[in-house]
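Counting from 1, the numbers follow the sequence of the chain as shown.
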Amino acid sequence: MEMTAERSAPEQEAPKRRVGTFTLGLTLLGGGGLMLASTFLPDMDLSWSLRLGPLILVCLGVETLLSTRKAGRIKYDWAGIFLSFLLACGALGLFAASWGISHWAEYADYYNGSRSGNEAFLFLDYRQFNTTMWQDLTLEAGDVLECRVVNEGGSVSMNIVCDESGELLYDEQNLSTGSFTLEVPQDGIYEVNVIGLKAAGSFHIKRAES
């Protein structure tokens with residue numbers, strides 16, 4: 001009987017995938033899921049999802065480490081490097097947006113409210129106040145300034161400076177709710193500066209009628 005040698009079929013090498021493709025897939029699934037959720041739940045606050053941006057870098061780092069294993073199924077070529085760069089830029093962009101939203105209320109300049117004033121008064125009524133508002137008042141010696149503060153949140157400070165002499169008439173930090181009066185020592189134009197820090201409430205100052 002003639003013996004025939006059986007030749008086993010050569011094992012085919014498993015195809016390799018590039019670094020970043022798995023992370024890209026997860027990012028697309030997550031982003032698409034959040035978009036779908038916002039469509040059906042329009043009142044849902046999804047700003048928290050921006051904080052998940054660093055997870056892109058974590059997944060990308062794991063893929064990069066796996067690519068260093070010998071005989072691994074992940075390859076790290078120029079296309080993979082470019083894809084990793086794009087994913088890293090996207091993660092940094094999400095992190096920057098998250099940081100901006102978290103710190104905007106503290107560092108940005110904004111005023112949400114009404115303002116009215118002339119040479120005799122300054123009225124500020126605000127829901128959000130995180131900047132400096134000022135007004136020049138034309139006053140005479142002996143005039144009395146009536147001040148009223150309503151503090152519903154944050155802090156409000158005020159200083160009053162005589163433009164001619166540079167003399168400081170008043171300077172106080174963290175004004176609390178209440179009323180007080182100030183007497184003007186000399187004629188001149190006085191600059192009133194009101195500084196809000198994430199404040200809500202109102203600030204009124206006016207020259208008392210004689």
TODO: List the steps, then state whether side chain to side chain contact (heavy atoms under 4.5 Å, CB included) holds for Asn159 with Leu168.
DONE: CA-CA 8 Å; Asn159 63 72; Leu168 190 64; 4.2 Å; yes

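- Here the CG atom belonging to Asn151 is positioned 12.0 Å from the CZ atom belonging to Phe203, to the nearest 0.5 angstrom.
- Considering only heavy atoms from C-beta on, Val19 stays 4.5 Å or farther from Leu83 through its side chain.
- Using modelled atom types, one finds a donor on one side chain and an acceptor on the other under 3.5 Å when comparing Glu191 with Asn193.
- Separating the CG atom in Leu55 from the CG atom in Leu94 is a distance of 10.5 Å, to the nearest 0.5 Å.
- The neighbour count for Phe121 CZ, taken as heavy atoms of other residues, nucleotides or ligands under 6.0 Å away, is above 12.
- Taking the side chain as every heavy atom from C-beta outward, Val194 and Trp134 never approach each other to under 4.5 Å.
- For the pair Pro185 and Ala141, the tightest heavy-atom approach, listed with the atom from each and the gap, is O-CB, 3.6 Å.
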TODO: Before giving the answer on side chain to side chain contact (heavy atoms under 4.5 Å, CB included), spell out for Leu137 and Asn118 the whole-Å C-alpha distance, their side-chain angles and the decisive distance to 0.1 Å.
DONE: CA-CA 7 Å; Leu137 304 181; Asn118 59 24; 5.8 Å; no

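- Met35 and Leu29 fall into different hydrophobic clusters, where Ile, Leu, Val, Met, Phe, Trp and Tyr residues are linked whenever their side-chain heavy atoms come under 4.5 Å apart, directly or through other members.
- Inter-residue side-chain proximity for Glu140 and Gln186 is flagged as unmet; no heavy-atom pair is nearer than 4.5 Å.
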TODO: Report the C-alpha distance between Val184 and Val144 in whole Å, list the side-chain angles of each, state the deciding distance to 0.1 Å, and finish with yes or no for side chain to side chain contact (heavy atoms under 4.5 Å, CB included).
DONE: CA-CA 6 Å; Val184 178; Val144 175; over 6 Å; no

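- Minimum interatomic distance between Cys147 and Leu182 (heavy atoms only, all atoms of both residues): SG-CD1, 4.4 Å.
- Donor-acceptor pairing under 3.5 Å is lacking for the side chains of Gln173 and Ser155.
- Leu26 and Leu57 fall into different hydrophobic clusters, where Ile, Leu, Val, Met, Phe, Trp and Tyr residues are linked whenever their side-chain heavy atoms come under 4.5 Å apart, directly or through other members.
- In Phe82, the CZ atom is not crowded: 12 or fewer heavy atoms of neighbouring residues, nucleotides or ligands sit closer than 6.0 Å.
- Placement of Ile195 and Val156 in two distinct hydrophobic clusters is found when ILVMFWY residues are connected by side-chain heavy-atom separations under 4.5 Å, directly or transitively.
- Within 6.0 Å of atom OH in Tyr170, more than 12 heavy atoms from other residues, nucleotides or ligands are found, so the atom counts as buried in its surroundings.
- A distance of 11.5 Å separates CG in Leu139 from CD in Glu183, rounded to the nearest 0.5 Å.
- Leu87 has its side chain within reach of Leu24: a pair of non-hydrogen atoms, C-beta onward, lies under 4.5 Å apart.
- Side-chain contact between Ser179 and Glu146: absent, with no pair of heavy atoms (C-beta onward) separated by less than 4.5 Å.
- A pairwise comparison of heavy atoms in Glu63 and Gly20 identifies OE1-N, 3.3 Å as the closest pair.
- Between Lys198 and Tyr110, some side-chain heavy-atom pair lies under the 4.5 Å cut-off.
- Considering only heavy atoms from C-beta on, Met158 comes within 4.5 Å of Val192 through its side chain.
- Nearest heavy atom pair, residue Leu50 against residue Ala97, reads CD1-CB, 4.0 Å.
- Each side-chain hydrogen bond (donor to acceptor under 3.5 Å, both in side chains) pair with one or both residues in residues 24-42, not counting sequence neighbours, would appear here, but there are none.
- Heavy-atom contacts from other residues, nucleotides or ligands closer than 6.0 Å to CZ of Arg115 number more than 12.
- Linking Ile, Leu, Val, Met, Phe, Trp and Tyr residues whenever their side-chain heavy atoms come within less than 4.5 Å leaves Leu92 and Ile81 in two separate clusters.
- Residues forming a ring-ring contact (aromatic ring centres under 6.0 Å, His included) with Phe129 (at least two apart in sequence, or on another chain): Tyr111, Tyr126.
- The shortest side-chain heavy-atom distance between Glu164 and Asp187 does not fall under the 4.5 Å cut-off.
- Rounding to the nearest 0.5 Å places CG of Asp163 at 6.0 Å from CD1 of Ile189.
- Note on Leu122 and Val149: same hydrophobic cluster, where clusters join Ile, Leu, Val, Met, Phe, Trp and Tyr whose side-chain heavy atoms are under 4.5 Å apart, directly or indirectly.
- How far CG of Leu169 is from SG of Cys162: 8.5 Å, rounded to the nearest 0.5 Å.
- Residue Asp125 holds its CG atom at 12.0 Å from CG of Asn112, rounded to the nearest 0.5 Å.
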